[in-house]
Amino acid sequence: MSVDKSIFHRRQRQAETFDYHAGTHPPVLWRSDEQIERYVPTHCCYCGVQCGMYLKVAGGKVVGVEPREDFPLNHGMLCPKGATAYQTVNHPDRLTYPLMRRNGKENPLERTSWDEVLDVIATRFRSIQAEHGKDAVAVYSGSSMTNEKCYLMGKFARVALGTRHIDYNGRLCMSSATGANERSLGIDRAANPISDMLHADCIFVIGANVGECFPIVTSYLWQARDRGCKLIVADPRQTPIARTADIFLPLRSGTDSALLNGMLHVIIDEGLLNEDFIRERTTGWEETKAMVEQYPPERVAKVCGLRPEAIIEAAQMYGQAQAALIYTARGLEHQSKGVDNGVTAVNLALATGNFGRPGAGYGTLTGQGNGQGGREMGQKASQLPGCREIENQQDRAYICTVWGIDEQDLPHAGYPATLMIPAMQRKELRACFMICSNPMVSLPDQHTVERALRGLDLFVVTDFFLSETAELADIVLPGNVWAEDEGTTTSLEGRVIKYNKAVEPPGEARRDWEIACELARRLGKGQYFNFSSPRDIYDELRRCTRGAKSDYWGITYEKIDEQNGVFWPCPSEEHPGTPRLYEQRFGFADGKARFHPIAYIPPAEEPDEEYPLVLTTGRVIYHYLSGNQTRRVPFLMEQAPYPWVEMHEQAAARLGIQDGDWVTVRTRRGEMTAPALVVRSIRPDTLFIPYHYGGTQAANLLTNPVFEPMMKIPEYKVCSATAVRAEHPPEWAKDVDTQALLEAGRRRHELPIAHAQANPTLR
Ligand code: SF4
């Protein structure tokens with residue numbers, strides 16, 4: 001399918017006639033009779049694509065949305081999530097006043113005043129720290145927030161609370177990619193702007209469901225295909241983009257590094273290396289070359305469950321391209337070998353010289369709206385703003401100068417988010433301040449997580465809806481949604497963009513940064529949090545990143561508006577920004593990239609007699625992450641109201657399960673029951689469950705809490721499981737129209753079913 005570019009051009013011409021930033025002119029094409037007072041240019045709050053949109057404001061409320069024609073990434077398109085995001089702003093479920101449990105955890109959350117609740121938090125945090133030490137309080141932050149808020153959370157933890165324990169939910173999302181980038185390339189950012197897809201001869205997507213998780217990026221794939229670009233997709237499921245791929249490799253979950261080593265083996269055999277590039281711009285090649293000699297396609301085919309010919313063809317297609325891109329996402333990264341998997345992908349790109357040119361590179365597609373910026377701003381356990389290192393003496397000294405504190409008062413590295421849970425169980429962590437996170441859906445082994453959170457002496461959650469996690473809190477503070485504040489985010493390209501404020505928070509809800517600053521004042525550290533606007537915070541953030549790897553010093557609010565976003569690094573106000581990395585140098589002191597030899601190691605759990613299937617989890621187009629927002633939007637819930645168990649018809653026949661039957665999936669952690677969606681678009685040895693749901697619908701009741709050793713990301717994408725036909729529907733299914741649910745799922749699968757019959761790559 002091709003994009004009708006004449007529509008783009010017409011829209012662009014219309015767009016040029018309007019002064020968008022004045023916010024009073026109607027955008028184009030989406031017409032209605034509403035009397036709109038203002039069109040506020042901003043961006044979608046959901047995935048890392050950060051599509052440009054206008055929020056339509058009337059009567060002091062956000063009443064609708066229109067896509068921005070002038071934003072260079074989405075060019076007037078939005079996916080179903082973006083088109084309905086505005087419905088969360090005035091949603092009746094919004095938290096509009098603070099809540100607190102009085103006299104014990106068994107009592108319900110009750111309304112309280114800001115004055116009382118902030119005093120209680122400050123007093124309790126102080127007394128817990130006095131008794132158990134400063135590190136007894138943790139901050140668990142998020143990455144769906146602006147850079148300003150992510151930055152502020154790092155400073156709040158280390159300066160206001162003085163704790164070493166601050167980390168964020170990007171640990172569950174982006175950390176494998178970070179590890180691979182840092183080990184191999186020296187800079188933790190996608191190498192290319194998305195528009196580079198239009199210059200590629202071959203795009204290799206491995207472990208990324210682009211069509212559902214980053215829908216607008218699909219249009220770039222289509223345009224690239226129109227120009228003759230080849231597409232290779234590797235995934236255990238035949239995802240929407242896999243339907244039209246030149247080569248689809250339905251590999252077993254958890255075997256990515258074997259496949260990538262095998263492709264590099266073929267590339268060496270066939271003389272497709274870029275020897276000049278390897279010699280001049282890399283180190284470590286000989287060790288990697290020796291390692292991949294052990295991965296001939298015949299061996300790899302057995303490991304991955306593919307035909308050897310398919311691996312050879314894919315390697316030839318990738319290796320023969322003049323310019324090739326590799327994109328990964330959570331499929332490859334959500335594994336106990338996630339960093340190694342990313343490194344093997346980079347090895348392939350380095351060996352073929354695919355960096356530093358239009359259409360040549362490697363990148364990870366960030367799932368969270370600010371998945372890129374959130375991992376640079378100093379809210380990670382071992383990081384200071386600008387991707388500076390908390391254990392690096394120079395970095396510590398520089399940040400202490402900006403913050404005006406003594407270096408001895410700056411804590412050292414703390415626990416990553418996933419290790420906070422066992423620390424809570426050990427009573428080493430006694431209290432937690434959590435913002436913009438929902439671990440009661442998103443962490444693996446939910447039963448353990450619930451026990452840990454319930455056992456805290458004080459659990460404070462800031463959110464705008466009462467999430468599954470907020471329901472467990474002792475105190476809930478009502479924060480703002482993206483439309484109620486300004487601030488920057490950094491898209492999956494590394495482009496810094498800006499949200500603009502459309503309306504005020506409802507009722508007594510406050511902006512998150514105001515809550516943190518007020519709490520800091522009550523903790524006696526107000527002098528370090530004298531901010532009166534997000535711009536104030538941003539200007540300090542810019543100073544903190546000056547001269548660092550992710551350098552925002554030259555990126556001002558005004559420049560973002562003028563240029564429609566600015567790519568970091570941007571070391572001065574005169575600098576235009578850096579859309580494409582590694583044109584001259586990689587991110588290490590010697591300017592060279594690093595090869596690393598990676599041996600394939602199987603996942604932590606492999607199928608056995610008791611648990612003969614592989615369970616994998618992931619997203620669907622209608623929901624965002626833990627679903628705390630999208631499960632409240634009627635249109636999205638109509639499409640995907642409940643989880644399901646996707647299985648191949650061969651597996652279903654073997655297990656005596658029919659489409660629509662209730663199926664109980666069991667793993668060593670627990671079980672959950674959902675309707676079967678029987679398809680041909682998944683490997684016959686694999687089950688898939690979408691993870692956006694909570695309680696007894698949570699896929700993470702089943703997943704394996706084993707962590708990648710360097711970055712501590714959980715192995716969400718592969719564990720052993722069994723499935724049986726359930727005798728009864730689960731309690732949650734009493735009023736469920738199973739057929740409607742399956743119809744929605746089947747609509748998404750019609751095409752792959754037809755295509756899979758003809759696909760010969762599956763062994
Ligand atoms: S969810 Fe992502 S792709 Fe969809 S509109 Fe929002 S930013 Fe764009």
Side-chain angles (χ1 to χ4, degrees), residues 3 8 11 27 29-30 40-56 62 64-89 143-146 173-174 190 193-195 197 205 208-223 239-241 327 329-330 363-374 481-483 487-500 502 564-565 618-633 635-637 639-640 690 692 748:
V3 173
F8 283 176
R11 286 177 171 179
L29 293 183
W30 287 24
V40 178
T42 189
H43 295 264
C44 177
C45 57
Y46 293 131
C47 84
V49 183
Q50 292 291 280
C51 294
M53 61 165 56
Y54 287 92
L55 290 175
K56 295 159 53 166
V62 172
V65 66
E66 293 193 11
R68 274 170 61 185
E69 314 285 341
D70 63 334
F71 189 62
L73 205 92
N74 59 311
H75 289 297
M77 295 179 284
L78 293 174
C79 82
K81 290 189 289 289
T84 53
Y86 77 95
Q87 293 175 14
T88 60
V89 183
S143 207
S144 293
M145 309 192 297
T146 59
C173 188
M174 299 311 308
I194 289 291
S195 58
M197 285 188 180
V205 179
N209 184 356
V210 178
E212 297 204 69
C213 304
F214 319 96
I216 297 306
V217 173
T218 314
S219 77
Y220 285 83
L221 281 176
W222 287 339
Q223 290 176 70
T239 58
I241 59 161
Y327 283 102
R330 306 306 83 71
T364 179
L365 298 164
T366 50
Q368 291 206 69
N370 196 22
Q372 180 62 52
V481 299
W482 94 113
T488 60
T489 66
T490 308
S491 77
L492 51 67
E493 303 179 285
R495 187 198 305 252
V496 184
I497 49 102
K498 185 163 164 281
Y499 293 170
N500 292 307
N564 237 333
R619 287 168 61 175
V620 297
I621 189 169
Y622 301 110
H623 288 297
Y624 177 64
L625 303 183
S626 81
N628 189 32
Q629 296 163 83
T630 49
R631 280 186 280 123
R632 299 172 202 273
V633 175
F635 169 76
L636 302 176
M637 278 302 272
Q639 307 305 313
H692 308 285
R748 296 172 44 245

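All values below were derived from every heavy atom in this structure, side-chain atoms included, with hydrogens, water molecules and symmetry-related copies excluded. As the structure lists them, so they are numbered: ligands from 1, and atoms in each ligand from 1.
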To the nearest 0.5 Å, tell me how far His692 NE2 sits from Ser626 OG. 9.5 Å
Looking at Met174, Gln50, Glu493, which one forms a side chain to side chain contact (heavy atoms under 4.5 Å, CB included) with Thr366? Met174
Which atoms of ligand 1 sit under 4.0 Å from any heavy atom of Gln50? 7 (S)
Which atoms of ligand 1 sit under 4.0 Å from any heavy atom of Lys81? 1 (S)
How about Tyr624 and Ser144: does a side-chain donor come under 3.5 Å of a side-chain acceptor? yes
Quick one: nearest non-hydrogen protein atom to atom 6 (Fe) of ligand 1, plus distance? Cys44 SG, 2.3 Å
For atom 4 (Fe) of ligand 1, what's the nearest protein heavy atom and its distance? Cys79 SG, 2.3 Å
Distance to 0.1 Å, residue and atom name: give those for the protein heavy atom nearest to atom 8 (Fe) of ligand 1. Cys51 SG, 2.3 Å
Should the ring pair Phe71 and His43 be called parallel, tilted or perpendicular, given that the plane angle runs from 0 to 90° and is split at 30 and 60? perpendicular
Side chains of Glu66 and Tyr86: is there a donor and an acceptor less than 3.5 Å apart? no
Contact flag Cys47/atom 8 (Fe) of ligand 1, N/O/S atoms, threshold under 2.8 Å: no
Derivation and outcome, side-chain contact (heavy atoms from CB on, under 4.5 Å), residues Val49 and Val217: CA-CA 8 Å; Val49 183; Val217 173; 3.7 Å; yes
Hey, which atoms in ligand 1 end up nearer than 4.0 Å to a heavy atom of Tyr46? 1 (S)
